[in-house]
Amino acid sequence: MRETKEIPVEWFKRLRTACSVIEAGIKTGAKSLAELDIPALLKDADDYTKKVVDMLQPDTVDAALRPKNRNVSLAFVQAYGEYLDFVLDGIQKGKKLVYHYFECIPQVLLSLDMIPVCVETISVLIAALYKDGCEEEIDTLEAEGFPAHLCSGQKGFLGAYLLNEIPTPDYFLKPSVPCDPSNLLFQYLAKLTGSPYIIFDAPYYTNERAFNYYKEEIDDAYQKLIKMSGNRLDEDKLKEYVAFTNKQLEYIYKIQEIRKNRPCPDPAFHRPMDFALYTIFGFSEKVVDYFRIVYEEAKERVEKGIGVVPEGKEEIRTLWTWAFEGYDLSIYHWMEEEHGATYLTCGLTILPEEVVGFVDDHDMDSILAGLARLTFHYPMSRQVTSFADVWINDFTRIARSHKADCAIFAGHMACKHGWALNKLLSDAIREEAGIPTLRFEMDLADKRFTPPAEVKKTLSEFFETIRH
Amino acid sequence: MYIGCDIGTGYTKGILMDNEGVIKASCIIPTVANPRDASKTIIKELLNGAGLKESEIKGCGSTGWGRSYVPMQHRELSLINSIAKGVSFVHSSCRTVIDVGAQHSMVILVDEKGQVLEFRQNDRCAAGSGRFIEVISEALRVPLEEVSSLVLNAKERVNVTAQCAVFAESEVIAHVNDGKPVDAILAGIIDALGRSLVAIAKRLSVVEDIFVSGGMAKNAALIKVMQEHLQKSLHVAEPDPRLVGAIGAALLVKEVI
């Protein structure tokens with residue numbers, strides 16, 4: 001077992017504290033930050049909590065407390081908080097730690113008694129929940145000689161390692177797609193830490209032959225992990241995670257379907273939380289609960305004939321064709337309240353039921369195949385690994401089925417693969433769905449690139465042209 | 001009577017429009033980094049010129065960078081909507097607007113009612129805007145108003161590759177040191193700006209008739225270069241390409257009041 005005092009876990013602790021503070025805040029019944037009695041909330045808090053609470057992003061906390069967001073936000077911080085407890089506890093117990101890219105599903109790693117940590121999610125959540133986000137970490141990495149136009153999702157995390165805020169992992173795991181810089185940044189971290197880096201190859205095509213190749217690659221990656229670690233796959237545990245996965249998928253498909261309703265019954269603020277919980281797919285009943293609550297609240301609104309847009313505001317149904325900005329999540333609440341702009345889906349959360357389906361749990365082969373298929377069609381991987389048709393067909397279909405009023409290409413400046421396709425996609429959306437696309441540049445986790453006020457200004461101008 | 005104000009980073013533009021949509025007066029003054037004072041002056045000049053009191057104005061629409069600073073009851077409007085509306089009102093055949101202001105440039109596709117179908121803006125700071133020309137003309141010590149005629153009469157054109165105004169200035173200094181004529185350097189700069197604007201236009205499938213608005217539309221050399229690169233005819237918005245945002249703002253406020 002590692003010695004407790006020597007293990008740096010600052011980032012995980014910081015996120016766990018944010019989850020605890022938001023959970024406690026929601027439980028007070030306060031419906032906005034202004035209503036929250038912070039001194040009372042912190043009365044019995046530990047020194048660490050008191051130290052970091054002022055660093056929390058006030059607008060994001062405020063949005064989480066709002067009536068239409070609070071139940072889902074509570075479910076999120078409880079689910080993600082439980083996961084962070086598992087990470088912190090597992091690190092102290094000396095479990096094998098695996099840092100992975102966000103398109104690696106964690107169920108098998110969990111069943112190998114390992115701790116899966118998605119690099120990009122941690123950076124984005126730090127950026128989303130704390131005022132200074134991962135800026136110091138990004139600057140630290142750039143001081144090593146890396147340019148500004150690499151992904152902050154990885155730069156933040158690598159910088160955290162350099163600043164001794166996260167521990168050395170036992171392994172790295174990543175698919176070979178969709179972006180080259182992440183492959184190489186993972187290599188850099190692997191070189192720094194001396195930990196093995198396992199990469200599984202993803203084919204260019206999306207047919208069954210391609211999938212079979214991909215599945216073999218994933219199986220091979222797991223075998224390498226088993227061989228190197230000496231850990232054994234707990235099949236009963238895997239079945240348990242798969243059961244959670246299937247329940248989660250069931251709700252995700254229902255949520256995607258229910259957003260077809262006009263007015264949209266599902267708040268925009270939920271989408272980044274969906275993304276974060278996709279990266280701990282099947283982790284626990286609490287993760288399932290999150291998606292169940294999202295669905296049940298949306299269903300209740302549909303039954304009552306109400307949406308999430310304030311009364312008297314005309315709805316603008318937005319389709320986010322690529323990423324979202326992750327450094328100020330309150331923007332999604334703001335655009336709904338200020339402009340009546342709802343959020344149908346995005347390139348980081350779309351999961352088409354007809355191609356992903358459910359994980360067949362009748363034997364180990366079918367389970368591993370089902371999980372591989374989920375990864376194969378994981379958001380972003382699916383859209384930019386193969387021919388442009390995949391992305392274009394997915395989003396033009398949703399634009400029509402969900403009656404989108406406009407599309408928004410929030411282009412993370414590091415996603416060259418996304419930018420390379422944006423013209424084809426926006427042209428197709430205009431031709432086939434008759435709606436315009438706004439495109440703007442931003443950085444996923446670094447607000448200095450396009451500050452929140454600039455994002456709001458850009459969105460406001462665009463929404464005014466739609467409304468007019 | 002209605003007032004339309006477009007408070008840009010370079011100039012503040014205002015128009016007075018009657019109930020039938022006829023422009024009764026217009027005014028253009030430098031903003032000089034003070035949108036509050038500039039809009040105050042514009043309103044005062046428009047009212048005094050027409051012998052009107054503020055209470056006689058049915059509505060004031062404001063747009064542009066400093067739109068929130070107008071010192072009278074006003075409605076803030078999108079610059080994109082205002083430009084589209086303003087150009088389409090004067091030129092009903094317009095389907096594309098290329099607007100080049102001091103600090104921005106944008107290409108807007110509009111329908112037959114002047115409603116925005118889609119738009120794209122420059123995403124490289126000053127490189128695609130009038131400020132780009134200002135920076136370079138200052139560096140070359142050429143008055144801004146002489147740039148167009150110098151370029152139109154230039155015998156040669158140097159190649160300017162920089163996409164950033166700051167880097168372009170360094171490139172210009174290098175050309176000066178190489179003994180290149182000033183008009184050839186300016187021709188290269190105008191060509192670089194034209195190319196970057198056409199690149200924005202090509203991101204959308206531009207449809208004719210195409211009108212150019214904003215302060216840079218008065219630069220005939222730029223219009224010529226853009227026509228060459230776009231291989232389409234361009235028309236300059238009337239009555240003054242700088243006024244279209246203000247005209248649109250007046251029309252939009254007239255529609256809602």
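Within every chain, numbering begins at 1; the chains are lettered A, B, ... in the order of the sequence lines, protein sequences first and strands thereafter. Predicted, not measured: the structure shown is a model, and the values here were computed from it.
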Should B/Gln115 and A/Ile466 count as side-chain neighbours, where that means a heavy-atom distance under 4.5 Å? no

The interface call for B/Ile80 against chain A, heavy-atom contacts under 4.5 Å, is both

Interchain contact, A/Asp427 with chain B, by part (heavy-atom threshold 4.5 Å): side chain

Answer yes or no: are there more than 12 heavy-atom neighbours, outside B/Gln73 itself, under 6.0 Å from its atom CD? no

Does CZ belonging to B/Arg36 count more than 12 external heavy atoms closer than 6.0 Å? no

Contact class of B/Lys202 relative to chain A, heavy atoms under 4.5 angstrom: backbone

Given A/Glu461, which of B/Asn81, B/Leu79, B/Val116 fulfils the side chain to side chain contact (heavy atoms under 4.5 Å, CB included) condition? B/Leu79

If you draw a 6.0 Å radius around NZ in A/Lys456, do more than 12 non-hydrogen atoms from other residues or ligands fall strictly inside? yes

Got a second to check how far A/Ile435's CD1 is from B/Leu117's CG, nearest 0.5 Å? 12.5 Å

Exceeds 12 heavy-atom contacts within 6.0 angstrom, atom CZ of A/Phe449: yes

Any ion pair linking B/Arg75 and A/Glu464 (charged N to carboxylate O, less than 4.0 Å)? no

Measuring from atom CD of B/Glu118 to atom CZ of A/Phe462, what distance do you get when rounded to the nearest 0.5 angstrom? 7.0 Å

Can you say whether A/Phe463 sits under 4.5 Å from chain B via the side chain, the backbone, both, or neither, judging by heavy atoms? neither

Shortest non-hydrogen contact between B/Leu204 and A/Arg430, atoms and distance: CD2-NH1, 3.4 Å

Side-chain contact, heavy-atom cut-off 4.5 Å: B/Arg203 with A/Ser426? no

Taking atom NZ of A/Lys403 as the centre, does the number of heavy atoms from other residues, nucleotides or ligands within less than 6.0 Å exceed 12? no

Give the intermediate values and the outcome of side chain to side chain contact (heavy atoms under 4.5 Å, CB included) for residues B/Ser78 and A/Arg467. CA-CA 11 Å; B/Ser78 144; A/Arg467 190 175 298 290; over 6 Å; no

What part of A/Ser460 gets within 4.5 angstrom of chain B, counting heavy atoms only: side chain, backbone, both, or neither? neither

Let's test your reading of the structure: which of A/Gly434, A/Cys406, A/Pro436 forms the most heavy-atom pairs below 4.5 Å with chain B? A/Pro436

Taking side chain as everything from C-beta outward and backbone as N, CA, C, O, which of these in B/Leu252 sits under 4.5 Å from a heavy atom of chain A? Side chain, backbone, both or neither. side chain

